[in-house]
Number of protein chains: 2
Amino acid sequence: MRRDIFQAIADPTRRAIIALIAIQAMTPNAIAEHFDTTRQAISKHLRILTECELVEQKHQGREIYYQLEIDKMKEIDKWLEQFRQIWETRFQQLDELLSIIKKT
Amino acid sequence: MRRDIFQAIADPTRRAIIALIAIQAMTPNAIAEHFDTTRQAISKHLRILTECELVEQKHQGREIYYQLEIDKMKEIDKWLEQFRQIWETRFQQLDELLSIIKKT
DNA sequence: TATATAAGCAACCGATCGGTTTCGCAAATT
DNA sequence: AATTTGCGAAACCGATCGGTTGCTTATATA
């Protein structure tokens, strides 16, 4: 059951769930209302999100509120960093090229 | 065959391929040498990456060089933007809290 | 105490995934 | 012209995915 964050965000429904609970913690039933599937399907998605620690449970009576563990999202940002360096370098090179053209 | 970038980066081998060809364009054979699988398996990954336009082909004789379409990576960055706003706000709030504590 | 509600869990299903093997084709090399 | 090399395409395979249905447990409410 090797879960990682990249696999977690691969599914569009899970990305939508993430965006939903980013605003405020919600129960599975409340989340399910936003989608065209059963609560059980949502529960499965929440289990995957919980397993890779993207989401946290907060028990409150018989309700379970799921909230986004926003810090975990930074892992994606961290991975992107190596490419951000490249595209910024490219941009800079383009910029330099343009200024050279301008001078001649 | 609905391919999107999030599904493309879900696989660890594909992420490694992306990182590899980010440095310089490479042929399928050259890429395959870096992994413990067959060239055909790599070819399949390249097909998926090509389908979602993360990668471009450059034919040169009978060799095909695959190069990263770095701009496409920005789509992930764009999606992350909404969450970056949240975690920066949280950080700011924490910062304010700390300065309030300091004052008292 | 009986009933309704919130939620997790397990079994099942068709579709897709990642991989291998085999094949065919086109470009280089001999 | 014959052979080697680089590559994609297709067929196949077991594993996993996303979903449903049916069940159990625990907390509220009548």
Side-chain angles (χ1 to χ4, degrees), chain A residues 1-21 23-69 72 76 79, chain B residues 1-21 24-69 76 79:
Chain A
M1 217 153 291
R2 315 219 71 270
R3 302 280 184 209
D4 73 79
I5 196 174
F6 295 101
Q7 200 230 328
I9 64 166
D11 183 81
T13 305
R14 279 198 292 270
R15 286 201 301 282
I17 291 175
I18 290 172
L20 249 184
I21 63 175
I23 315 295
Q24 59 172 344
M26 292 174 78
T27 65
N29 266 319
I31 295 168
E33 277 172 19
H34 289 78
F35 300 92
D36 193 25
T37 72
T38 58
R39 178 191 54 80
Q40 281 88 340
I42 299 296
S43 244
K44 269 187 150 190
H45 284 305
L46 287 171
R47 202 165 88 88
I48 290 167
L49 293 173
T50 307
E51 269 171 16
C52 71
E53 295 174 302
L54 249 172
V55 143
E56 258 198 353
Q57 300 182 348
K58 280 217 174 154
H59 294 259
Q60 196 166 308
R62 70 178 162 187
E63 291 179 326
I64 302 179
Y65 282 85
Y66 284 87
Q67 91 182 107
L68 184 63
E69 197 52 63
K72 192 74 179 180
I76 305 166
W79 178 75
Chain B
M1 217 152 293
R2 315 222 69 271
R3 302 280 184 210
D4 74 79
I5 197 173
F6 294 101
Q7 201 230 329
I9 64 165
D11 182 81
T13 304
R14 278 198 293 270
R15 285 201 301 281
I17 292 175
I18 290 172
L20 251 184
I21 62 174
Q24 60 173 344
M26 292 174 79
T27 65
N29 266 319
I31 296 169
E33 277 171 21
H34 288 78
F35 299 92
D36 193 27
T37 71
T38 58
R39 177 191 53 82
Q40 282 86 342
I42 299 297
S43 242
K44 268 187 151 189
H45 284 304
L46 287 170
R47 202 166 87 87
I48 289 167
L49 292 172
T50 307
E51 270 171 16
C52 71
E53 294 173 304
L54 250 172
V55 143
E56 258 198 352
Q57 300 181 347
K58 279 216 174 153
H59 293 258
Q60 196 167 308
R62 71 178 159 185
E63 292 181 323
I64 303 179
Y65 283 85
Y66 283 85
Q67 90 182 109
L68 184 62
E69 197 53 65
I76 305 165
W79 179 74

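Just so it is clear, the values below take in all heavy atoms, side chains as well, and ignore hydrogens, waters and symmetry mates. Convention: sequence-line order gives letters A, B, ...; per-chain numbering from 1.
Projected onto DNA chain D by closest heavy-atom contact, A:Asp11 and A:Gly61 fall at different nucleotides, the more 5' of which corresponds to A:Asp11.
In this structure, A:Met26 places its CE atom 11 Å from P of C:dA7, rounding to the nearest Å. Atom CZ of A:Arg15 and atom P of D:dG18 are 11 Å apart (whole Å). In this structure, the CD1 atom of A:Ile48 is 14 Å from the C1' atom of C:dC9, given to the nearest Å. For A:Ile64 and D:dA28, the CD1 to P distance is 12 Å, given to the nearest whole Å. Residue B:Tyr65 contributes atom OH, which lies 14 Å from atom C1' of C:dA27 at whole-angstrom precision. Here C:dC9 presents its P atom at 10 Å from CD of A:Glu51, a figure rounded to the nearest Å. Rounded to an integer number of Å, the gap from A:Asp4 CG to D:dC17 P is 11 Å. Here C:dG19 presents its C1' atom at 11 Å from CD1 of B:Ile42, a figure rounded to the nearest Å.
Not one side-chain nitrogen or oxygen of B:Thr37 sits closer than 4.0 Å to the OP1 or OP2 atom of C:dG19. Neither OP1 nor OP2 of C:dC17 sits under 4.0 Å from any side-chain N or O of B:His45. Between A:Thr38 and D:dT20 there is a side-chain polar atom (N or O) within less than 4.0 angstrom of OP1 or OP2. For the pair B:Arg14 and C:dG19, the criterion of a side-chain N or O lying under 4.0 Å from OP1 or OP2 is not met. Look at B:Gln7 and you'll find a side-chain N or O under 4.0 angstrom from OP1 or OP2 of C:dC17.
The base of C:dA6 does not come close enough to the side chain of A:Arg39 for any donor and acceptor atom to sit less than 3.5 Å apart. Scanning atom types as modelled, one donor and one acceptor separated by under 3.5 angstrom connect the side chain of B:Lys44 and the base of C:dG19. For A:Gln40 against D:dG22, a side-chain N or O and a base N or O form a donor-acceptor pair under 3.5 Å. Between the side chain of A:Arg62 and the base of C:dG8, no donor-acceptor pair of N or O atoms lies under 3.5 Å.
Distances were taken from every side-chain heavy atom of B:Arg47 (C-beta onward) to each of D:dC7, D:dA9, C:dG19; the shortest belongs to D:dA9. Closest to the side chain of A:Ser43, from the set C:dC23, C:dG8, C:dC17, is C:dG8. Checking D:dG8, C:dA7, D:dT20 against the side-chain heavy atoms of B:Pro28 singles out D:dG8 as nearest. In the set D:dA28, D:dC7, C:dG8, the nucleotide with an atom closest to the side chain of B:Asn29 is D:dC7.
Considering B:His45, B:Gln57, B:Lys58 in turn, B:Gln57 is the only one that fulfils the side chain to side chain donor-acceptor pair (under 3.5 Å) rule with B:Tyr66.
Of the inter-residue distances, the one linking B:Leu20 atom CG with B:Met26 atom CE reads 5.0 Å to the nearest 0.5 angstrom. To the nearest 0.5 Å, the span separating CD1 on B:Ile5 from CD1 on B:Ile18 amounts to 7.0 Å.
Here the side chain of B:Arg39 pairs no donor or acceptor atom with the backbone of B:Ala32 at under 3.5 angstrom. With hydrogens and angles ignored, the 3.5 Å screen pairs a side-chain donor or acceptor of A:Arg15 with a backbone N or O of A:Ile9. In this structure, A:Arg3 contributes its side chain and A:Ile48 its backbone to no donor-acceptor pair below 3.5 Å.
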